[in-house]
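Hydrogens, waters and symmetry mates are skipped; everything else that's a heavy atom, side chains included, is used. Proteins come first, then strands; the chains are lettered A, B, ... in the order of their sequence lines, and each starts at number 1. What you are looking at is a predicted structure, and each value in this text was computed from that prediction instead of being measured.
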2 protein chains.
Amino acid sequence: MKKARYHHGDLRAALIEAARLLVEQNGAERLTMSDASRAAGVSTAAPYRYFHDKDALLDAVALEGLERQRQAMLQAGAAHPLGSEAAVSAIGHAYIDFATAERGVFKLMFSQTRTHGRSPELLQKGKETFGVLLSQLAHREGGSPNDPPIRTRGLRLWTFVHGLSFLLIDDKVSAMEIPLDLSEMVADATRRFLQDS
Amino acid sequence: MKKARYHHGDLRAALIEAARLLVEQNGAERLTMSDASRAAGVSTAAPYRYFHDKDALLDAVALEGLERQRQAMLQAGAAHPLGSEAAVSAIGHAYIDFATAERGVFKLMFSQTRTHGRSPELLQKGKETFGVLLSQLAHREGGSPNDPPIRTRGLRLWTFVHGLSFLLIDDKVSAMEIPLDLSEMVADATRRFLQDS
DNA sequence: ACGACGATGTTAGAACCAATAACATCGGTA
DNA sequence: TACCGATGTTATTGGTTCTAACATCGTCGT
């Protein structure tokens, strides 16, 4: 229907979506502006109207991914009583599910964007995502998400699901021939870390 | 002393070392064959006598890193009674120490090498490294490193130190403003995971 | 209505990189 | 000693990022 127009309409969003698909297919390190431009149907110079450089485009993909992951975690937690072990476990499972479902974007989000600190938006979105877990823990223990003990417990849980995500998407679990029931693994770790040692 | 010779002597090793330093400085994704060649003092075509392509050079750097990390873990474990909680904890700590001391190489080793499975040497070396932990657990529980329950427990511990390594080197812990006593963190996790649930 | 102008796109090109081919040099061995 | 294979170099091709100069469009003021 839509004929080839000189102006695209919403090139910025189209580039992010094209880049997202390419990152998912080949990994962020193999993304080229040429490919993204081609996929969006524009010349290779067009993206620079919206993104200062390739890293800026990747940052946008990462930001969008962070938001989607946060939504998934939020939804997973909401299916259980606030502050319950089941809620915490479900959030962790959702984290890993996102990682394995979108390994390219996940790795970009957490490990291939040059020090999140450089982008205030990424940093902020990251805090919001971590906050999904923290608020559950805070409710559980009747404190504030800013309490150091709660943040430390949050780190323990995050550390575990983060590590498992990487081992899974980098195929270490299968390479090391380790039997794994993911749900059981997450539930077990959640239980151990929620204990008052 | 040594004048500029046409032949290098041990170019292969020199290239790996040069690449290692560059990876550590700029990250594997920014390594160029040009830079590595320049650092080794040869032309940009010379490396191709020893490495099929850039990925092959990076694989060599990763392999060398895996071996060094394995040695560090072995040594850390040997400082404690075989199969003790302290030994397991020390191995985990050594794992993280390596990651934070050589973040560029560490990320290359575990997450930026095209699916270890493709390189039999990397896969083998990875198994040996995981074996350092497994043999401690096997001694502890009086079983074989191949027993599924032992491998699963190994995965739990690996998952944790792996996750913490990534969160640390990608600056998430500091970005999220989480207080952290690394030794305490590792000891705590070890204790929790060595418990019989 | 309509025309100017800013926003958004294109084409051309400079600087860089990976990888290969053709050529040069060295050193060990018959 | 003279050859020849191993190890380097130079030159080239095709691809990359990013910028500059130019083209087109649509919207807003008159």
Side-chain angles (χ1 to χ4, degrees), chain A residues 1-62 104 108 112-115 118-119, chain B residues 1-62 104 108 112-115 118-119:
Chain A
M1 198 53 172
K2 42 191 69 170
K3 62 189 89 172
R5 298 178 301 175
Y6 192 92
H7 290 291
H8 182 282
D10 192 359
L11 182 53
R12 186 171 196 283
L15 283 169
I16 294 176
E17 176 62 7
R20 187 182 70 79
L21 293 172
L22 288 169
V23 163
E24 200 46 45
Q25 209 164 34
N26 310 322
E29 68 281 0
R30 289 211 178 78
L31 176 79
T32 70
M33 284 300 232
S34 308
D35 285 345
S37 304
R38 216 181 333 266
V42 293
S43 72
T44 65
Y48 294 92
R49 294 286 175 203
Y50 300 95
F51 305 99
H52 175 261
D53 55 16
K54 189 167 80 164
D55 283 336
L57 173 55
L58 286 172
D59 281 353
V61 174
L108 169 65
Q112 286 180 320
T113 193
R114 32 180 181 179
T115 52
R118 277 210 7 185
S119 164
Chain B
M1 197 50 176
K2 41 193 66 171
K3 62 189 92 172
R5 298 177 302 175
Y6 192 91
H7 289 291
H8 182 282
D10 193 359
L11 182 54
R12 184 172 197 282
L15 283 168
I16 293 176
E17 176 62 7
R20 186 182 71 79
L21 293 172
L22 288 168
V23 163
E24 200 47 44
Q25 210 165 32
N26 310 322
E29 67 282 359
R30 287 209 177 76
L31 176 79
T32 70
M33 284 301 232
S34 308
D35 286 344
S37 304
R38 216 182 333 265
V42 293
S43 72
T44 64
Y48 293 93
R49 294 286 176 203
Y50 301 95
F51 304 98
H52 175 261
D53 55 17
K54 190 168 77 164
D55 283 337
L57 172 57
L58 286 172
D59 280 354
V61 174
L108 169 64
Q112 285 180 322
T113 193
R114 31 176 185 176
T115 50
R118 283 213 3 194
S119 163

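The shortest heavy-atom contact between A:S34 and A:T44 is CA-CG2, 4.2 Å. Across every non-hydrogen atom of A:A36 and A:L31, the tightest pair is CB-CD1, 4.5 Å.
The side chain of A:D53 has D:dC18 as its nearest neighbour among C:dC17, D:dT17, D:dC18. Of the candidates D:dT17, D:dG8, C:dG9, the closest approach to any side-chain atom of A:M33 belongs to D:dT17. The side chain of A:R49 has C:dT8 as its nearest neighbour among D:dT9, D:dT19, C:dT8. Of the candidate nucleotides C:dT10, D:dT16, C:dT20, C:dT20 has the atom nearest to the side chain of B:A45. Here the side chain of B:K54 is nearest to one of D:dC18, C:dG9, C:dA19, namely C:dA19.
Between the P atom of D:dC18 and the CG atom of A:L57 lies a distance of 10 Å, rounded to the nearest Å. One interatomic measurement links the two molecules: CZ of B:R38 to C1' of D:dT10, which rounds to 16 Å at whole-angstrom precision. A:R30 has its CZ atom 13 Å from the P atom of D:dT16, to the nearest Å.
Within the 4.0 angstrom heavy-atom criterion, base atoms lie near B:S43. Within 4.0 Å of B:T32, counting heavy atoms only, lie sugar-phosphate atoms of the nucleic acid but no base atom.
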**OP:** Please test A:F51 against A:I16 for side chain to side chain contact (heavy atoms under 4.5 Å, CB included), starting from the C-alpha separation and ending with a verdict.
**Re:** CA-CA 10 Å; A:F51 305 99; A:I16 294 176; 3.8 Å; yes

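Distances shown here put every side-chain N or O of A:T44 at or beyond 4.0 Å from the OP1 or OP2 atom of D:dT17. OP1 or OP2 of C:dA21 has not a single side-chain nitrogen or oxygen of B:Y48 nearer than 4.0 Å.
Contact check for B:D10 versus B:R12: side-chain heavy atoms found under the 4.5 Å cut-off.
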